[in-house]
K.L.:
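I have a structure I would like to understand better, so I am pasting it below and will then ask my questions one at a time.
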Number of protein chains: 2
Amino acid sequence: MPRKINLTEKIGQLRAFYEQEGRAPSYAEMAELFGYRSKNAVYGPVQKLLEYGYMEKSRNGRLVLTTKVTGSIKLLGTVQAGFPSPAEEELADTINLDEFLVARPEATYLLTVSGDSMIDAGIHPGDIVLVEKGGVPKKNDIVIAQVDGEWTMKYFGKDRTGVYLDPANANYSRIRPERSLAIGGIVKAVVRKY
Amino acid sequence: MPRKINLTEKIGQLRAFYEQEGRAPSYAEMAELFGYRSKNAVYGPVQKLLEYGYMEKSRNGRLVLTTKVTGSIKLLGTVQAGFPSPAEEELADTINLDEFLVARPEATYLLTVSGDSMIDAGIHPGDIVLVEKGGVPKKNDIVIAQVDGEWTMKYFGKDRTGVYLDPANANYSRIRPERSLAIGGIVKAVVRKY
DNA sequence: CTTGAAACTGTACGTTCGTTCAGTTATATA
DNA sequence: TATATAACTGAACGAACGTACAGTTTCAAG
């Protein structure tokens with residue numbers, strides 16, 4: 001039987017290297033990083049890392065680290081089921097919030113929320129919304145819209161009469177555009193920072 | 001007077017390269033990317049890009065792109081003031097949500113919220129919270145805590161009697177740990193994806 | 001038009017890159 | 001203990017790398 005190679009440890013070392021250098025190590029650097037005396041020795045582990053999606057090969061043969069290594073947030077397997085104990089450490093992939101939240105980077109921008117018209121949807125003043133331009137809004141999507149010249153954030157809706165916009169706040173009421181309606185984008189995510 | 005070089009265009013080209021290759025281009029690749037016939041010609045622009053923080057030099061002389069290029073969300077200058085028109089395009093740096101939200105990557109993990117005990121704070125079931133371990137909670141911080149053996153998310157508080165935990169839901173009431181209290185972490189951000 | 005400064009070209013050099021190959025070492029199973 | 005298998009070493013190769021330098025082109029100010 002072949003010897004066992006500890007991938008988890010190497011992933012941690014790659015993570016440390018990336019945090020310092022901002023790039024993937026070369027084969028020679030990996031040899032040093034992993035404690036080999038020959039850079040040829042890393043070909044095995046690299047093959048495994050490629051297979052499991054921790055790195056990819058760029059067009060010129062150079063290696064590139066993926067989100068599973070470069071992401072900044074640990075993804076704990078037990079998160080969903082219960083709360084992980086603070087003692088629980090080690091391994092686990094990392095995730096990148098951008099890739100998680102942003103589908104079309106070139107069409108996405110941020111807005112800081114002002115006003116409380118969507119507060120019953122859990123969107124508070126000061127929150128940040130990720131808005132994606134160019135899509136076609138469906139019923140109950142939250143949209144950024146310019147109604148009769150004024151920008152607002154509302155639930156999108158449509159019926160026989162036409163398009164309407166609903167607030168998520170009992171103090172405001174449904175809006176029906178009289179002259180013009182422009183959709184600035186669809187709200188894809190809300191972020192609140194404490 | 002020297003000729004003017006268009007940095008904005010080059011940043012866009014770098015962004016496109018990074019999106020495809022997942023790494024920074026070499027000097028030769030930059031020459032091709034920017035339309036120069038000599039890779040020496042890129043030294044000027046690179047100097048500017050370094051100066052303005054769009055790239056950095058790694059230890060071995062290789063270039064590394066920064067968040068301003070690799071980030072996935074456009075940062076529009078006019079966001080705060082009004083809503084940007086969908087037509088508005090071009091330039092502007094990009095931002096990376098991870099760097100924006102996560103201060104200590106090695107101590108941060110994600111939790112999916114279950115239950116409605118924090119709903120009045122705009123934290124709904126299914127939302128994702130970023131939890132940072134190891135800090136000392138202050139009054140009104142939202143914490144993940146294990147009280148008498150059970151994990152909950154609550155507002156943290158302290159008075160003469162000791163530590164207490166407040167829900168953000170009128171249907172629940174203040175909790176005072178009777179036997180044990182363990183702080184699993186402090187909630188640093190809330191993310192909701194639609 | 002003249003001129004000077006910067007942008008740009010083309011070439012060269014030593015280093016590091018990814019890759020290959022022959023040979024050695026280590027270890028789990030028989 | 002013997003042995004097969006994979007891990008690992010060390011050396012070699014052409015290609016690509018970052019850097020340096022001398023020379024040419026470009027363009028705006030005088």
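First the proteins, then the strands, lettered A, B, ... as listed; each starts at 1.
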K.L.:
Can a salt bridge be assigned to the pair B/Arg176 and B/Asp159 using a cut-off of 4.0 Å between side-chain N and carboxylate O?
P.N.:
yes

K.L.:
Could you grab the distance from atom CZ of A/Arg62 to atom OG of A/Ser26, nearest 0.5 Å is fine?
P.N.:
8.0 Å

K.L.:
With the side chain of B/Arg37 defined as its heavy atoms from C-beta on, choose the nearest nucleotide among D/dC8, C/dG10, C/dG18.
P.N.:
C/dG10

K.L.:
To the nearest Å, how far apart are A/Phe34 CZ and D/dC8 P?
P.N.:
11 Å

K.L.:
Let me check something: any side-chain donor-acceptor pairs from residues 137-146 of chain A under 3.5 Å, sequence neighbours excluded? List them with distances.
P.N.:
| residue | atom | partner | partner atom | Å |
| --- | --- | --- | --- | --- |
| A/Lys139 | NZ | A/Tyr164 | OH | 3.0 |
| A/Asp141 | OD2 | A/Lys138 | N | 2.9 |

K.L.:
Verify the distance criterion only: is there a donor paired with an acceptor across the side chains of B/Asn96 and B/Thr67 at less than 3.5 Å?
P.N.:
no

K.L.:
Specify the separation, in whole Å, of atom CG of A/Leu63 and atom P of C/dC17.
P.N.:
12 Å

K.L.:
Which sits closer to the 5' end of DNA chain C, B/Asn60 or B/Gly35, going by the nucleotide each is nearest to?
P.N.:
B/Gly35

K.L.:
Does the distance from a Lys or Arg side-chain N to an Asp or Glu carboxylate O, for A/Glu29 and A/Arg23, drop under 4.0 Å?
P.N.:
yes

K.L.:
Nearest to the side chain of B/Lys39 - C/dT9, D/dC17, C/dT19?
P.N.:
D/dC17

K.L.:
Any residue in residues 18-29 of chain B with a heavy atom nearer than 4.0 angstrom to DNA chain C? Just list them by number, or reply none.
P.N.:
none

K.L.:
Strictly below 4.0 Å, N to O, side chains only: are A/Arg174 and A/Asp166 in salt-bridge contact?
P.N.:
yes

K.L.:
Which nucleotide sits closest to the side chain of A/Lys57: C/dC8, C/dC17, C/dT19?
P.N.:
C/dT19

K.L.:
Side chain of A/Ser38: nearest nucleotide among D/dC17, D/dG10, C/dT9?
P.N.:
D/dG10

